[in-house]
Each structure stands twice: as structure tokens, then as C-alpha cells.
Amino acid sequence: MTGSTSVKDALRSTAAVDSIYVQGWVRTRRDSKTFSFLELNDGSSLRNLQVIANDWLANYADVQRLATGASIAVRGKLIPSQGKGQSWEVIADDLTIIGPSDDTYPLQKKGHTPEFLREIAHLRPRSNLFGSVFRVRSRLAFAIHQFFQERDFVYVHTPIITASDCEGAGELFRITTIDATNPPRGGDGNIDYAKDFFARSTFLTVSGQLEAEAFACALKNVYTFGPTFRAENSNTSRHANEFWMIEPEMAFCDLTCNMDTAEELVKYLIRDIRENCPDEIELFGKFVDKELTARLEFVLDRPFQRISYTEAVELLLESGEKFEFPVEQGTNLQSEHERWLTEKHFKCPVTVFGYPKEIKPFYMRLNDDGKTVTAMDVLVPGIGEIVGGSQREERLDVLEANMRRHNLDPVEYKWYLDLRRYGTVPHSGFGLGFERMLMFVTGVSNIRDVIPFARTPGSAEF
RNA sequence: UCCUGAGUAGCUCAGUGGUAGAGCGGUCGGCUGUUAACCGAUUGGUCGUAGGUUCGAGUCCUACCUCAGGAGCCA
């Protein structure tokens, strides 16, 4: 790579260059009488660099056989382009074919459906769409760190192997080294996990929240950003079994502060991507979602609607809309209800807070009414829930009572309760689904298309 | 897991019980400072799998598989 120029930099050049060295993959070739046009892409940007290969090149016969997908290196002159569509092009003095391709290469110049490209997940980053998605994914991850680091949040690496199997965050993947064909059994005939590697049952994490709380109660503002695993048999465009999640946790922060942070974060990320990935956003707006640009604009322009669960239910009841599932106080909002709120009624992101305690986990802070908890969800048009969070219950006695109500044994959570026993503080946090955020910002409608190699039920190829 | 729909050429699809089709791609030729070029020719099939109905099934029936959309679970 030493001495080589990226396609992105070559196209940004302000002057002609006598000797330039570029490397990349051939997107298409067009032959003329005495020379060939090659479209060279190296993934550095959406754009291709046009290379002129003249028939006096020693290996011109081979150049004329170059197929889409082949890798080449070109040494030549960067000059102003005579043609339309690009300002610079390279006249090759020397062209090395590094890795040829052939007519079995599955990617064509013409557009492919995302469903087809999903079947060739190892090649799809070479397409315009997926190259763009994954450049944006990288930038989005960077912007997340930037947001929190600018605000002095401490990045905490919570464990991926965990023993907390409760919390109601869904099914867990078990981690074990026990021989499945001959497991050790206890007196009751069940598998004895005390003989397992960690001398207890262990699982892949479904959330780093509890551990993040411990660090927030020491470092004040922290965040996690890592993979999360849920063994749910979910077959939807919004669920994957391995996904990434951002979980800030803030001490001395109540529900309002929590909602403010979530909204600020979502807007910051949209703004950052819009500024730093304009070519990609333009492509998504053209080929993926025609209303993308307008929607992102709209979201940045105004505050998210905030509405209590009780008010939301009342709105739904008064809407006159015919829902497939009934709306009633005390039950969870259905997808269609959430969609009505964000897509039809408010037409912008909506933060719903103050859910009934019965439908929410034990760690959420009980409100003074004794009926609701300080939960909050940010719902966005097209995707639904993108953020879920709450102010945490900081009162030891109330927390223990909550646990018993959820049939959890406080003894199992001694370390978590210690946080309330010693110097407890009001604190809050939320989880932002990284892929869902990426879907929102790109307009890509299937979560499988924003993860390099998606893991979904029955599918873990590659 | 449930509901709905789809599976035919490399890709996108048409074919509605009677000879397997088109466009794109690929290949060959022509033309051209070209731009998802253009013109001509050509290549291309286990009709998802297994059964069944029928003189005859891509087409009708049954089961299964895969994919998509929706639901639940959630981020």
C-alpha cells in the first residue's frame, strides 16, 4: 500500500499528477478501438476511477479479457478527464493484473436485489449499496464514540460471557464446555452445571446494563458498545440473534435527563452521517428510500414528541382508527399502535414514558403512583422501537420488593443490590440498537442488510 | 413460533392442464472518449424437493425445504 493512492484521494486531486499508483477491483470494462475504459473501485468511496488502458500496453490482450471483479494495480498519469461524469482519470503506463475474475462472478453491472446479495454475503460489500452501508456503519460507530467521549463518558467493556440469566430480556445462548453426548448429572437427573467450565451456568450476554450500572456508580457517566446475543426465534426484518447495542448509564440522572440524552444522541448521529457520508446518503435516497433525506431533515428540525403511556393509550382510543389488536390501559402497545403514533399521528420520533409496572422488568424505578415505572421507549417511523431505557430503582427496599414480585431471588443479585446498599444514587440509562439506528439513517429496511454477516434463526453461514 | 405470499436460465420475471419464453448478463462480431453505452448474432433450464391426480403437470392436490412480508418477543 506504500506509495499507492486511494480512488477517493485521486478523485479529490486538485492538480494533475505525473505518476500515480492505484489499486482496486474492476467494476466494468468498455472497449474502444485502440484502448479500454476500466472503472476501478477500491472501496474508499462510492465513486470509481476511470482508467484508460491503451493498446500499446504490453499485456493489452489480457486487459481486454479483464472481467468484472478482477483486481489490478495501475501506474500512470492522473489527468483531467475528457468525458463527462468525472473530473479526473488515469492514463495507464503500466497495468498489473493481480487477480483475474471470470464470467461466473455473480455481481453484474446492473442492480441486484438485496435478497440475492444476501446469499453472497462475502461478495456483497463489493456492490455500491453494501459498500455504502458498511462505510456508513463504520462512521456511525465512530460517531457514537465521539458523542460520548466529547461528553466525558467512560467506555466500559462489560462481559460477553455472563451468569445473569434473568432480567426477562429474552432467551439466552448457553456457553458450555460440557460434552453434550455425556453430560455430568446431579442427583435429580438434570445436567449438573456446577461441573461446567465456570462452575455454574453461563450465557452470552443479552445486555451489559447491570454491569454498566456498577461502573456508573463509580465513574458517573459510562457507556458500553458491543455485541449482544438473544436466542429468540424471531423472524422479522428488525431482529437478529447477534447485534450491537449502545448502553449509556448515567449517575445522578433522572428520566428526563435520560430522554434528553437519547434524543440528543439520535440527532447527533443523524447529523454526523449526513455531514460525513453525503455520497452514501444520496445513493440511499435514490435507490433505497426516496423520502430518506426529507425524513432525516424533518427529524433534526424538531423535538421528539414526548407522551406518557397513559396519554398514548388515550390518543389511540380516541383515534377512531380500526386496529387489529384492541387498545387498552395496562397492556403493551402493539406494533400497529406504535406505528400509528409515529407514522400517522405525530409523523416524527416519539418518546413514550411511564409504562405500567406489570409489563416492565424489575430494575425500573417505581413511580409515586405505585402503578407505573420510569420506562421510556423512543419509537421512530418505519422501524419502531430504537431506544429502550429507564431510570433505575435506586431504593434498596423497593428494588428487593420488585424482585420478589418478578419471582427473582435477591440473594442471587447481591452484587447488584450492593450498589443500593452503599452510596446509592438516582441513575438512568438506555439501550440503542446499533443496527436499528443504522437502518434509520440509511433507509435500509432489513436488519440483515446492515450487518456484515447476519445471524438469524436457522442461518449462520459465512 | 404463527399468518400470508413466492420459488421457472447467472439476475429480474412472464408462462392460468397440451412443443420452456423475454429482458438483462455472459460469449462472439461491429461501432464508438465511453459512462448501467449502442447495433447484430449467440449461449443459456433437474420449472425448490418428494410424492400424488391426469392420456398429459411449470400449471391441480399433499408434505417438506428455502426466501420475503406481517405478528409476537425486543434493540
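The analysis underlying the following values was restricted to heavy atoms, covering all of them including side chains, and did not include hydrogens, waters or symmetry mates. A, B, ... follow the sequence lines: proteins, then strands. Residue 1 opens every chain. A quick note: this is a predicted structure, and the numbers were derived from the prediction, not measured.
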What residues 43-63 of chain A contributes to the RNA chain B interface at heavy-atom separation below 4.0 Å is Gln50(A), Ile52(A)

Considering only heavy side-chain atoms of Arg230(A), the closest of U12(B), G33(B), A75(B) is A75(B)

Under 3.5 Å, is there a donor-acceptor pair between the side chain of Ser459(A) and the main chain of Arg455(A)?
no

Which value, in whole Å, describes the distance between the P atoms of nucleotides A20(B) and G48(B)? 15 Å

Check your understanding: Rounding to the closest angstrom, what is the interatomic distance between U59(B) and A50(B) at atom P?
Key -> 13 Å

I'd like to know whether Val63(A) forms a side chain to side chain contact (heavy atoms under 4.5 Å, CB included) with Leu95(A), so could you lay out the CA-CA distance, the side-chain angles of the two residues, the decisive distance to 0.1 Å, and finally the verdict. CA-CA 8 Å; Val63(A) 169; Leu95(A) 192 156; 4.1 Å; yes

For Asn54(A), the side-chain hydrogen bond (donor to acceptor under 3.5 Å, both in side chains) test, sequence neighbours excluded, returns none

Side-chain atoms of residues 377-388 of chain A: list all donor-acceptor pairs with protein atoms under 3.5 Å, sequence neighbours left out, distances to 0.1 Å.
residue   : atom : partner   : partner atom : Å
Asp377(A) : OD2  : Tyr355(A) : OH           : 3.3

When rounded to whole Å, the CG to C1' distance for the pair Asn128(A) and U35(B) reads 13 Å

Check the side chains of Ser390(A) and Arg392(A) for a donor-acceptor pair under 3.5 angstrom, ignoring hydrogens and angles.
-> yes

- Could you check Arg75(A) against Ser19(A) for side chain to side chain contact (heavy atoms under 4.5 Å, CB included), going step by step and ending with a plain yes or no? CA-CA 7 Å; Arg75(A) 194 175 297 285; Ser19(A) 179; 4.2 Å; yes

Rounded to whole Å, the NZ-P distance (Lys33(A) to G30(B)) equals 9 Å

| message | Distance check, P atoms only: C47(B) and G5(B), in whole angstrom units. | response | 24 Å

U54(B) -> Watson-Crick or G-U wobble partner, both distances under 3.5 Å, gives none

Worksheet item: How far does the C1' atom of U19(B) sit from the matching atom of U12(B), given to the nearest Å?
Response: 25 Å

Applied to residues 342-352 of chain A, the salt bridge (Lys or Arg N to Asp or Glu O under 4.0 Å) test, sequence neighbours excluded, yields Glu321(A)-Lys344(A)

Leu379(A) CG to A75(B) C1', in whole Å, measures 12 Å

Sorted by chain and number, sequence neighbours left out, side-chain hydrogen bond (donor to acceptor under 3.5 Å, both in side chains) with Ser81(A) holds for Gln86(A), Glu89(A)

Pairing partner of U19(B), by Watson-Crick or G-U wobble and under 3.5 Å for both distances, is none

The complete set of salt bridge (Lys or Arg N to Asp or Glu O under 4.0 Å) pairs with one or both residues in residues 53-70 of chain A, sequence neighbours excluded, reads Asp62(A)-Arg65(A)

So, OP1 or OP2 of U34(B): does either fall under 4.0 Å of a side-chain N or O from Ser32(A)? no

Sorted by chain and residue number, the side-chain hydrogen bond (donor to acceptor under 3.5 Å, both in side chains) partners of Glu242(A) (sequence neighbours excluded) come out as none

Under 4.0 Å, heavy atoms only, any strand: does Phe37(A) hit a base, just the sugar-phosphate, or nothing? base

Any sub-3.5 Å donor-acceptor pair from Thr224(A)'s side-chain atoms to Gly208(A)'s backbone N or O? no

P atoms of U66(B) and U27(B), separation to the nearest Å: 35 Å

Partner of U59(B) under the Watson-Crick or G-U wobble criteria, both distances under 3.5 Å, comes out as none

- request: Would you tell me whether Tyr223(A) and Glu249(A) have side-chain atoms, one donor and one acceptor, within less than 3.5 Å of each other?
  value: no

note: Phe323(A), atom CZ; G72(B), atom C1'; distance rounded to Å ~ 18 Å

For nucleotides 67-71 of chain B, tabulate all protein N/O to nucleotide N/O atom pairs closer than 3.5 Å, reporting atom names and distance.
residue : atom : partner   : partner atom : Å
A68(B)  : OP1  : Arg118(A) : NH1          : 2.3
G69(B)  : OP1  : Asn446(A) : ND2          : 3.4
G69(B)  : OP2  : Asn446(A) : ND2          : 3.3
G70(B)  : OP2  : Ser237(A) : OG           : 3.4
A71(B)  : OP1  : Arg339(A) : NH1          : 2.8
A71(B)  : N6   : Asn235(A) : O            : 3.4

For this session: State, without any angle test, whether Tyr268(A) and Gln146(A) hold a side-chain donor-acceptor pair at a distance under 3.5 Å.
Result: yes

Exercise for review: Please check if the distance between the ring centroids of Phe153(A) and Phe215(A) is under 6.0 Å.
Suggested key: no

Regarding the side chain of Glu385(A), the nearest nucleotide among A75(B), U35(B), U32(B) is A75(B)

Please write out the pairs of protein N or O atoms and N or O atoms of nucleotides 22-27 of chain B separated by less than 3.5 Å, giving the distance to one decimal.
residue : atom : partner   : partner atom : Å
G26(B)  : O2'  : Asp103(A) : OD2          : 3.1

**Study point:** Distance-only donor-acceptor test (3.5 Å): side chain His239(A), base C74(B)
**Key:** yes

Checking N1-N3 plus N6-O4 or O6-N4 for Watson-Crick, or N1-O2 and O6-N3 for wobble, each under 3.5 Å, the partner of G7(B) is C65(B)

Rounded to whole Å, the CG-P distance (Asp102(A) to G10(B)) equals 15 Å

Separation of A75(B) atom C1' from Met437(A) atom CE, nearest Å, is 13 Å

The correct set of residues in residues 70-91 of chain A placing a heavy atom under 4.0 Å from RNA chain B is Ser81(A), Gln82(A), Gly83(A), Lys84(A), Gln86(A), Glu89(A)

Which pairs would a plain distance check flag for residues 131-143 of chain A, meaning a side-chain donor or acceptor within less than 3.5 Å of a matching protein atom at least two apart in sequence or in another chain?
residue   : atom : partner   : partner atom : Å
Ser132(A) : OG   : Asn128(A) : O            : 2.8
Ser132(A) : OG   : Arg135(A) : NH2          : 3.4
Arg135(A) : NE   : Glu280(A) : OE2          : 2.7
Arg135(A) : NH1  : Gly43(A)  : O            : 2.9
Arg135(A) : NH2  : Glu280(A) : OE2          : 3.4
Arg137(A) : NH1  : Glu435(A) : OE2          : 3.1
Arg137(A) : NH1  : Val450(A) : O            : 2.7
Arg137(A) : NH2  : Glu435(A) : OE2          : 3.0
Arg139(A) : NE   : Asp272(A) : OD1          : 2.8
Arg139(A) : NH2  : Asp272(A) : OD1          : 3.4
Arg139(A) : NH2  : Asp272(A) : OD2          : 2.9

The side-chain hydrogen bond (donor to acceptor under 3.5 Å, both in side chains) partners of Arg151(A) (sequence neighbours excluded) come to Glu264(A)

Taken to the nearest whole Å, CG/Asn241(A) to C1'/C73(B) is 11 Å

From NZ of Lys360(A) across to C1' of C73(B) the rounded distance in Å is 12 Å

Checking N1-N3 plus N6-O4 or O6-N4 for Watson-Crick, or N1-O2 and O6-N3 for wobble, each under 3.5 Å, the partner of U34(B) is none

(request) Pick the P atom in G10(B) and in G17(B), then give their distance to the nearest Å. (result) 27 Å

Between U54(B) and U62(B) - C1' atom distance, rounded Å: 16 Å

In Watson-Crick or G-U wobble terms, with both distances under 3.5 Å, the base opposite G45(B) is none

